[in-house]
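Below you'll find the structure, written out as structure tokens, and then a few comments.
No experiment lies behind these values; they were computed from the predicted model shown. Both backbone and side-chain heavy atoms feed into the values below; hydrogens, waters and symmetry mates do not.
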Amino acid sequence: MSQINKKRILKNKYYLYLTEFFSGMSVMAVELGASRLLAPYFSSSQIVWTIIIGTIMIAMALGNIYGGRAADKNPNPDILYRRILVAAIWIAAIPVVGKYIVIGISALFIFSVSNGFLVLAAFVSCMVIFVFPLFLLGTVTPSLVKYTVDSLDESGSTVGKLNASNTIGSIIGTFVPTFITIPSVGTSVSFLIFAGILLLLAAAYFISERTGKIRIAVGLVLVLLCCTLGAKNSFAFWESNLSYEGESVYNYLQVKETEQSTILSTNVLFGVQSIYYKDKQLTGMYYDYAMAAPYMAGFEEKTSLDVLVLGMGSGTFATQCRRYFGEEKLNITGVEIDEKITGLAREKFGLPEDTKVVTYDGRAYLGAVKDKYDVIMVDAYQDITIPFQMSSVEFFREVKEHLNPDGVMVVNMNMRTEEDEINRYLSDTISSVFGNVYTIDVENSTNRELFASDNPQMMERFEQNMERSTSVDMNLKNLMRKINFLIVEYTPGNHVMTDNQAPVELLGMRAIDALIEDEVAYYKKIYAEKGIRGVIERL
């Protein structure tokens, strides 16, 4: 203990408790930041969260083992605070280089694996980016135990205080990024904030001990350099025409504008979640197909039609309905959990201010109201991120309870593949609740629209109302006639998902693998024949 006794700052154990507190806070902050860093590339599904948590636990376990052995071998606190300094620099560098590492690893795996791309790419990305700094922070607790336990008589009390400090720090490190730093200043700055905290922690130690001045100066310069390069860096660094890029409590948000359209993407860099055409024409996407639901619910026969949209997004479906069916007969309510998306919808996507949008979870909203609707649209499925609570038989029963007797539910299902497991499970589940289920594939996309009702005459009603329509838009009429010709009655199976068992993440992962395989098959062939140079030449 002679080396420890020379350190003045360590005579005050409160500083060691602060070290434990801030290291625990930083670990949780980095974990939450990791989910946001990976979400635009791999989604924010339970699978990705499992990978993040598992990777961090591996890093912490290895750090605990190494830290304990190292402290027994050389109980010099200088070594621990050097590790904290290195961890601070590494975490500060994540906003600068993290996304390039993810893209590089993804590009490598997309050409070398056929199955489990998402899992492998996300896992390796986590290992490369996050294991080392969290391994270093994992050495903190066993090292501090070595420095603080003076005798066996007080070991239990001291270790308990250290663990309590770590736990309290972890709790704060969980809430602060989620509710304060990420929504207000973004993921990149959040990484930099907690890197700065670790830097100050190490600096306080070395300044107190009047040593390590060069080390601290180098660390400060590197962290400041990372702040300069990483604070405003874009996730989609190859995009030049983004009109908005930001983050909310729930999502990474990206808005891209062209001369013809405005496009919203959430948690994916290449996907399109909502689109607004400035010439106010049909979108050519699933929103157009979903407009068959009001006809199926008897729009032309009724004096008014009540519509509920679960997963309002930027309001494309609601805007389309108002535009083509008129505002007088439609009473539209949207439910959107992300208030920032609603703000973008009104600011950039032409959603009228008088369109009612409730900030709430879709299923929770159904549980909170007793209103009945003629049409309920479920548009809450985003690539692999399919909320299990909105894919179970219990959820669709709640939807049915909020429909009028002749009401229609329309569900936007994506990730349509040759095997199509995920959509088969969803369709079977819906068929166990509703007596009449029809589906149609959206042209030139991987979307499929599903229409469900307990009205056995829903298709006859659709045809009658479609032909009676007073709409002067021939594009819409022609699309409705096309839907009437191509729509098919669904033959149900027995793959029913429940609140207790809804394997949407695994099913979604398989679908993503199949879609990626189809998309890159052409480039894989070029890669096999001409290598990476040939691929670059073709891009």
Would you please name every residue forming a salt bridge (charged side-chain N to carboxylate O under 4.0 Å, His left out) with [X], sequence neighbours left out?
X: Arg69; answer: none
X: Arg82; answer: none
X: Glu257; answer: Lys278

Report the residues that fulfil side-chain contact (heavy atoms from CB on, under 4.5 Å) with [X], sequence neighbours left out, ordered by chain and then residue number.
X: Gln260; result: Thr258
X: Val221; result: none
X: Tyr425; result: His495, Met497, Leu507
X: Leu62; result: Ile58, Phe135

Partner residues of [X] under the side chain to side chain donor-acceptor pair (under 3.5 Å) criterion, sequence neighbours left out:
X: Thr139; result: Arg83
X: Thr498; result: none
X: Asn64; result: none
X: Glu20; result: Thr141, Asn166

So, for [X] and [Y], which heavy atoms are closest and what is the spacing to 0.1 Å?
X: Ser143; Y: Gly67; answer: OG-O, 3.7 Å
X: Phe191; Y: Gly33; answer: CZ-C, 3.5 Å
X: Pro95; Y: Lys99; answer: O-NZ, 2.8 Å
X: Asn412; Y: Asn447; answer: OD1-ND2, 3.0 Å
X: Pro133; Y: Ala87; answer: O-CB, 3.9 Å
X: Ala345; Y: Ser314; answer: CB-O, 3.3 Å

Are any non-hydrogen side-chain atoms of [X] and [Y] less than 4.5 angstrom apart?
X: Leu32; Y: Thr174; value: yes
X: Leu18; Y: Phe22; value: yes
X: Phe21; Y: Ile172; value: yes
X: Leu310; Y: Met377; value: no
X: Tyr276; Y: Lys348; value: no
X: Glu31; Y: Met28; value: yes
X: Phe123; Y: Thr55; value: yes
X: Leu85; Y: Arg215; value: yes

Which value, rounded to the nearest 0.5 Å, describes the distance between [X] atom [atom1] and [Y] atom [atom2]?
X: Leu134; Y: Ile129; atom1: CG; atom2: CD1; value: 11.5 Å
X: Leu351; Y: Ile341; atom1: CG; atom2: CD1; value: 12.5 Å
X: Met25; Y: Leu198; atom1: CE; atom2: CG; value: 10.0 Å
X: Thr262; Y: Tyr277; atom1: OG1; atom2: OH; value: 10.5 Å
X: Asp338; Y: Asp361; atom1: CG; atom2: CG; value: 12.5 Å
X: Asp78; Y: Phe206; atom1: CG; atom2: CZ; value: 5.5 Å

Checklist entry - Do the side chain of Tyr81 and the main chain of Leu201 share a donor and acceptor less than 3.5 angstrom apart? => result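 Pair absent, no side-chain N/O of Tyr81 close to backbone of Leu201.
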Item to check | Arg363 side chain to Gln389 backbone, donor-acceptor under 3.5 Å | outcome: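 Such a contact is found between Arg363 side chain and Gln389 backbone.
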Checklist entry - Between Ile337 and Thr359, does a side chain to side chain contact (heavy atoms under 4.5 Å, CB included) hold up when you go through it step by step? => result CA-CA 5 Å; Ile337 197 170; Thr359 304; 5.8 Å; no
Checklist entry - Given Val27 and Met60, is the side chain to side chain contact (heavy atoms under 4.5 Å, CB included) satisfied, shown in steps? => result CA-CA 9 Å; Val27 167; Met60 296 300 291; 4.0 Å; yes
Next on the checklist: Does the plane of the ring in Phe175 sit parallel, tilted or perpendicular to the ring in Phe179? Use 30° and 60° as the thresholds.
Outcome noted: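 Ring orientation, 0 to 90° scale: parallel.
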Between the side chains of [X] and [Y], does any donor sit under 3.5 Å from an acceptor?
X: Thr446; Y: Asn414; result: no
X: Asp379; Y: Tyr286; result: yes
X: Ser208; Y: Tyr15; result: no

Checklist entry - Quick one: ring pair (Phe, Tyr, Trp, His ring centres under 6.0 Å) partners of Phe132, sequence neighbours excluded? => result Trp90
Item to check | Trace of the side chain to side chain contact (heavy atoms under 4.5 Å, CB included) decision for Ser35 with Val48 | outcome: CA-CA 8 Å; Ser35 70; Val48 175; over 6 Å; no
Checklist entry - Knowing that exactly one of Ser188, Pro177, Ser248 qualifies, which makes a side chain to side chain contact (heavy atoms under 4.5 Å, CB included) with Ile182? => result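 Result: among Ser188, Pro177, Ser248, Pro177 is the only option passing the side chain to side chain contact (heavy atoms under 4.5 Å, CB included) with Ile182.
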Checklist entry - What's the verdict on side chain to side chain contact (heavy atoms under 4.5 Å, CB included) for Lys340 and Leu344, showing C-alpha distance, side-chain angles and the deciding distance? => result CA-CA 6 Å; Lys340 255 191 180 177; Leu344 288 172; 5.6 Å; no
